[in-house]
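In this chain, residues are counted from 1 in sequence order. We count ligands from 1, going down the list as the structure has it; atoms in each ligand are counted the same way.
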Amino acid sequence: MKTSIGKNYQPFEKIRLLAEVGVALSAEMDINRLLDAIIDNACLITEADGGTLYLLSEDHCQLNFVVVQNRTLQIKMGTGDRLNWPPVPIYHPDGTENHSHVSAHVALTGEVVNIEDVYKAGEFNFEGTREFDRRTGYRSKSMLVVPMRNHERDIIGVLQLINAVDPVSGRVIPFNEENQLMGEALASQAAVALSKNQLIMDLERLIDSFIVAIGQAIDEKSPYTGGHVKRVAELTLALARAINEEKEGPFADVHFTEDELKELRIASWLHDVGKITTPEYVVDKATKLESLYDRMEIIRLRMELMKREVMENEEMGSWKDNLAFLERLNRGDEFVTDEMIERLKTIAQCSYSIDGRKEPLLSPEEVENLSIRRGTLNEREREIINNHVVMTFKILSSLPFPKKLRRVPFIAASHHEKLDGSGYPKGLSAQDLSVQARILAFADIFEALTARDRPYKKAMPMEEALRVMADLAGKGHVDRNIFDLFLRKQIYKEYALKELSN
Ligand SMILES: [Fe+2]
Ligand SMILES: [Fe+2]
């Protein structure tokens, strides 16, 4: 908008200017630029030499100086550099209303105050203004003070304009009726624009806290994954910021905007949200026979019963060895060979007596679980676990993310995909996976390898974790370029210092 101070506006031009200012204010999303624009335009429209913008404090007890501007003195303070001027109290210490300060009076009453000469006005205390003049050599004269009312008619601030300037003579004159009306109209447009920005910021803060709360709830759900989501989010963001610093190499052309970083942050905090639906005994399955409790306990009891019979039954051999073998299998920390499964089957066929009935030592379901070759999860449970990403997508894609965050569901739900197409749930491959999805997948694996708070497994030493990641990068499971950056920028070191050092 091209406008000039001191221009003698025609009435129609003023209206057009006011309309333009309204559009400009409503489009401004940066709060500091918005505050500057309000005071700039208020001075322009009312032909004032200077102005002060006060905003009402949250407790409605004081007016805070936000921006102060004076063209003659070439002063512009506030948004860039903090204004540490003492606020104007709306109430006296005894709780009575402060009508002696003109801005407090306007905030309390909503009236517009138009003063021809502040040195001659008796109804308000202008000691502060006189003090300002003494220090600067300025002469404050005419003053227009207007309340800033938002869409709910609440007063959120006060606009105080000083010294209307005659565009022709350049002399200080009183604020005329037209300028007063213009000032009032602008103050209300400004208040609506400010409230809108405030509402958007409040809403964003609320959503952000909600997202973090959900991520923390997932972490809290299981001691086995405690802190996982939080650490994955931190690692993901550290990688994204490192990519943004790259000036050459494979990431030279990749730059995440603030909105994209926000999108990635939300995706990482919510990547395991589908685990809300995963039964805890599966998430936490520490042994092969664990369901709501570890069924190894029952097998021990059965073997106790058997032991008594064994006393009369020489064929049973060493029940103690067999129990130790079953316990070893149950832990799931070693690969199960064919020979071990054969031995398991033999032991399973042993029987014990209960209520005069002979029962096999192990049920088919127990045999199936103990036969799990690697880890503690059987096929059905692995499917349930894997399903958490499908649920993540389902939950997140049902949320109306704004356009700038529209990729959150995809990024979050792709964290178990691998570049070579061997991941799940969709078996996506390199060309389908965005850099964001690759970063998150990388962070998810690295956190799981190095986490120290998993009760059933020891944290991997950093060197070994890096070797595993190098191996995964070599196989095309994770992005090699991300791994190289991770090493080169020593992101793992920073991460270890922050997250793994206690
Ligand atoms: Fe996951
Ligand atoms: Fe995860």
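The Fe ion (ligand 1) is closest to atom NE2 of H416 (considering only N, O or S atoms). The closest approach of D272 to the Fe ion (ligand 2), by N/O/S atoms, is made by OD2. The name of the N, O or S atom in D444 nearest to the Fe ion (ligand 2) is OD1. Looking at H388 and the Fe ion (ligand 1) together, the shortest N, O or S contact belongs to NE2.
At most 12 heavy atoms of other shown residues, nucleotides or ligands fall within 6.0 angstrom of atom CD in E379.
No hydrogens or angles considered: nothing links the side chains of N330 and R295 as a donor-acceptor pair under 3.5 Å. Checked by atom type, the side-chain pair D59/S57 shows a donor-acceptor distance below 3.5 Å. At a cut-off of 3.5 Å, with distance as the only test, a side-chain donor of N369 or E365 sits close to an acceptor on the other residue.
Among the backbone and side-chain atoms of H415, no N/O/S atom is found under 2.8 Å from the Fe ion (ligand 2). Distances from the Fe ion (ligand 1) show that H271 has no N/O/S atom below 2.8 Å.
How far CZ of R241 is from CG of L264: 9.5 Å, rounded to the nearest 0.5 Å.
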